[in-house]
Each structure stands twice: as C-alpha cells, then as structure tokens.
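Structure first, then comments.
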Number of protein chains: 2
Amino acid sequence: MSTSPRGQEAARTTTADRLRAFESPCDDCAIRETSVCEVLDPAQLARLRTITTVVRLDPHSTLFQEGEAAEHLSNVVEGAVKLYKLLPDGRRQITGFLFPGDFLGVALNKTYAYSAEAITKLRLCRFPRQRMENLLKELPNLEHRLLEMAGNELVAAQDQMLLLGRKTARERLASFLLMLARRARARGQPENPLPLPMSRADIADYLGLTIETVSRTFTQLRKDGTIALPEQTRVELVNRAKLEELAEGG
Amino acid sequence: MSTSPRGQEAARTTTADRLRAFESPCDDCAIRETSVCEVLDPAQLARLRTITTVVRLDPHSTLFQEGEAAEHLSNVVEGAVKLYKLLPDGRRQITGFLFPGDFLGVALNKTYAYSAEAITKLRLCRFPRQRMENLLKELPNLEHRLLEMAGNELVAAQDQMLLLGRKTARERLASFLLMLARRARARGQPENPLPLPMSRADIADYLGLTIETVSRTFTQLRKDGTIALPEQTRVELVNRAKLEELAEGG
DNA sequence: GTCGTGCGTTGACCTGAATCAACCGGGCCG
DNA sequence: CGGCCCGGTTGATTCAGGTCAACGCACGAC
C-alpha cells in the first residue's frame, strides 16, 4: 500500500547492459515465440535489437510511476511485474500482472497511465519509446502485432470490469486463479500446482477486496476441497470444474 | 437486465443503405474531425467509403451479442450505444458507452467480447471487418490511428477498474458525471446541463451498483448542492470543484 | 538462541451498499 | 377519463465484505 523504495534505479542504462543485449542475442530467447517478437523475421529482429537494452531489476524496484513521461516500452523476459493506480489517500487498484512474454506499454501513450513495480527479480528488453515509434513506421507487421496485443488487453480489461463490478469474493478468486493458470500454460510453465509470486495484498488490490477477505476466501476454498495450499505461494487447483463454475457465477 | 428484443435487424444491409452512404458523403459529416477518419486524406477517405454502409437503428435494438463472429466494425455518427457483458444468472456489467465519433471494435477481434445495444436512435457507419483489415494493410496511418484509439480505450478501462475496485458510490457517480461532461465537451456538445441518455439501471450496471444506490446517491448530491436535476435525463453540475474532489477520492 | 519484523490467518464487530417493499408520477391504451 | 405500466425514488432491513484486533509462524540479524 505504501510507496516502495526503489530497489534499483530503473532509468540508468550502463554499457554493461548494452553489452549483455549484444551477448545474448534473441536466437536463444525463451519467450521469442510468444512475445511481440514472434512476427519479426531475422532482419527485422536485428533492427529491433539495435534499439534494445536488456535491464535487470530487483524485486520491489519501481519501473516507473503513473504520470511520468513514458520514456520506454518493455518486453518482460523473466519475472513478474504489477501495474497499479493509486488514489490520493492511498487506496490502490492493481490493473494487471505481467509475466514473461508480456509487453509493457502497448498503449504507446506519452505519459504512463499507471505505476509499475517488479514483484520478483526481473529481466526486461527495453526500447526507447520514440525510437520504437519510428521503427513502427518501417515495420507495419510490428505495429499490427501491437494492435493485436492491445485488442487482447482490452478484452482482458473488460473481463476484469465484470469481475470488479459484479462478482462475489469467491467468484473473483476463482476467476483469478484460472486466469493465472491459463496464462502459465500459454507460456509453457507449470500450471498445477500454480505459483503465486504476488502477495495477498497484491491479490486483494487486484480483485478489489481486502487482504483479510482474500485470506478467508482461500481458506474457504481449501476447506471446500476446491483448492489446496501446500505453501503460501503455491495453489493446487484440485477441482478445476468447480472453479470454472464459480468463476462464471455458478 | 433482461434480454432486449431486437428493435430492428442489424445484420441486414439494404440497397437503400448503400445509396444513403453515397448520397451523404463524408464532406459534411459532423464527426469527421473527431473520429477515426480524421487521419485520412480525401483519396483515402474515398477508399474507406467504398466499404462503408450507413445504418440507422431504433433505440433498444441489439447491434450484436457477445460471442458472435465479429462481422462489422462501426463508427458512431449519431446517438448513444451501451456495451455490456452478462453472467449466466443475469448480472450485467456495462463496460462502456459510445457517443458520436466513437469507434466500435478497435480490438479487431474475431468474435465480439461484449454485446452492444442502441440507447437512442442511432446512425452508424459500418465496415465489414475483413475488408477493413485488408484496407489497413494499405493505409498504415489508419492502422496507426486505431492503435492510438485502442491506447485511449485501455487508459479509460484502467480508470474504470480503479473506480469499480476502490471507489465509493459517491465517488463513482462523481467520476461518471465528469467523464460524460469531458466527453461531451470533446465533441463540442453541451456539457452543462449534461444530458443523460441512459437509464438509472444502465448507470448502475456501469458503476457496479444497484438502481437504488444510484438514485439515493443522486439525491444526496442534489441535497448537497453539488448537482441539480432539472429533469431525470439531465444533470446540472453546480459545484464542479466538489465533484472533481469527490471523483479523486476526496 | 531470542528478538524483531513482515506476512498471513482468524475472530469479533461494524457498515456501506444490497435487498425487499412501498409508493409516486407520467405516458399510453382502451 | 381511468387504469396500468414503467422508470424512478424512498424507506426498512439484511448481509457481504470491511475494519479492528489478536495471534502464529518463518526468517533474518545479532
């Protein structure tokens, strides 16, 4: 809830970063096939690489804050990010979580509409926004891909509005777990048991609930036999049909 | 809340429609300067016009329903539209309202992610999705404009998540009125007193509240002297500073 | 080891908004 | 003209989830 200290300065780019980008070319990038990059041919990828900086960040470091001029766009390579908006009195709404392959900044706005913070250790490919926009003029397939990704984000945003406006706590948590599982599967990661890299507070602020309600609802689903919680940061989806039913308002 | 009867069949395109598109060319279109079309030069506009059908719909007619194959994209020329998602048990979340100049379907998805219904009498410019997508390949500035509009929609969606997840009823209503006023001004329409073309039920389903709570909150703001309600379908923003403060969580 | 700290859970109680119900007024139809 | 229907308002009551408070446990510092 409170402002987090910057674990690492996100804006600075060292020569070492640039070298790293050079050292580890996209060829053996784990997320190439699921990220923006998938539509680029080798020559185009090389073009993109010329404006790319690989950035590593520690957990809790702030990538940027709502309202700042949008200097960079990023592609998440490894780790998890949360995006959030704050009200002046500190109330917080997390508007999204990003995982490997997700793109940060499809909107291409001039200022950031939300703050972004690393949840885990992070590896990003970062692009200066202006240079990226110039590049888009030459690579229409890249622009097309961004539009496609923006469309997917819009669909997800509408689902989230339905969740926040009309679902009960149980339904919210069920929807959340299934969404995480679906996304883990999409990037070929273990989905059951499902890792929960974010804290209960993050889950609460994403679902429009309090920490206590999230905790109680986890307990309730566990007692139901719908899920199991071998550890705090891992859920086993025991009865997935039940979860699906709950998520759709059953 | 219940399924509305189709006031008029939306999918059928008559020769008269096509003629109308021809008769009333874009030159004297009131919304040309604020819609997608603003980026097109006359030759490009002519290209777009070849795939355009002007459609008129009655209030309450369904444009399409969530899950259907997305056959068309539309540009709202006149009137108001609501977009919504339903849960199987009938709970409804309105995800957006569209007014003249707004574009329906920036996401370019293959199936509609929500249902759309006319609130008032409606005039639309409608484009077959597939032909539009082909055209985008030739008109990169049009595609760029769509990406820009998608970005704006994403920002609005994130604001709405903050509203639904974290604001009180008063704050929601204040935010809603200011949003409508801002948009009315942006298209050069009267913003004070502000017309409310949608019903209390629509407002409730947009704000994640019940009809009763919306009504009570209107009354409360009226008794406060923050707004006045000369008619049910019109609000006067008496104390706009107070509204702004409320909307930001004051 | 033990102390402190941060995160999560649980319990008791409270409250903002939902629910249930009555009512009001305008428009439409017979 | 009267009756009815529909949208909106208002009142009484309920309840899901919030708030406040205690506690447990893992982990790191020393």
Side-chain angles (χ1 to χ4, degrees), chain A residues 1-5 7 59-60 82 87 89-93 119-120 163-174 176 195-224 227-235 246 249, chain B residues 1-2 4-5 59-60 82 87 89-93 119-120 163-174 176 195-224 227-235 246 249:
Chain A
M1 216 58 138
S2 58
T3 336
S4 323
H60 304 297
K82 62 187 175 203
L87 287 168
D89 66 1
R91 277 175 283 171
R92 185 177 72 152
Q93 179 65 40
I119 293 175
T120 62
L163 179 149
L164 292 170
R166 290 300 182 216
K167 291 187 183 175
T168 65
R170 274 169 77 83
E171 292 164 357
R172 291 178 199 208
L173 197 54
F176 174 66
L196 294 181
M198 67 291 288
S199 68
R200 296 294 190 264
D202 288 344
I203 298 174
D205 284 345
Y206 182 64
L207 298 179
L209 300 170
T210 57
I211 296 174
E212 293 94 326
T213 298
V214 169
S215 180
R216 281 187 246 272
T217 309
F218 265 124
T219 305
Q220 205 186 328
L221 290 175
R222 184 171 49 73
K223 288 185 177 162
D224 274 9
I227 62 170
L229 292 162
E231 302 151 65
Q232 282 179 346
T233 61
R234 203 172 295 279
V235 214
L246 261 177
Chain B
M1 216 58 136
S2 58
S4 323
H60 304 298
K82 63 187 174 204
L87 255 20
D89 65 2
R91 277 175 284 170
R92 185 177 72 153
Q93 179 65 39
I119 293 175
T120 62
L163 179 149
L164 292 170
R166 290 300 182 216
K167 291 187 184 177
T168 65
R170 272 168 79 82
E171 293 164 357
R172 291 180 200 208
L173 197 54
F176 174 66
L196 293 182
M198 67 292 287
S199 68
R200 296 293 189 263
D202 288 344
I203 297 174
D205 284 344
Y206 183 64
L207 298 179
L209 300 170
T210 57
I211 297 175
E212 293 93 325
T213 299
V214 169
S215 180
R216 281 186 246 272
T217 309
F218 266 124
T219 306
Q220 204 186 329
L221 290 175
R222 183 170 49 72
K223 288 185 178 162
D224 273 8
I227 61 170
L229 292 162
E231 301 151 65
Q232 281 179 349
T233 61
R234 205 173 294 279
V235 213
L246 261 177

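Here the structure is a predicted model, which means the values were calculated and not measured. Every chain is numbered from 1, with letters handed out A, B, ... down the list of sequences.
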dist B/Tyr206:OH -> B/Lys82:NZ (nearest 0.5 Å) comes out at 14.0 Å
Separation of D/dG7 C1' from B/Ile119 CD1 (nearest whole Å): 15 Å
Would you compute the distance between atom CG of B/Asp202 and atom CG of B/Leu207 and round it to the nearest 0.5 angstrom? 10.5 Å
Just how far is it from atom CG of B/Leu229 to atom OG1 of B/Thr219, taken to the nearest 0.5 Å? 7.5 Å
In B/S/- notation (B base, S sugar-phosphate only, - none; protein heavy atoms under 4.0 Å), nucleotides 5-18 of chain C written 5' to 3' is ---SBBBB----SS
Using whole Å, what does the distance between atom P of nucleotide D/dG17 and atom CG of A/Leu173 come to? 12 Å
Distance, nearest 0.5 Å, that separates CG of B/Leu163 from CG of A/Leu164: 10.0 Å
Between B/Asp205 and A/Arg166, is there a side-chain N and carboxylate O pair less than 4.0 Å apart? yes
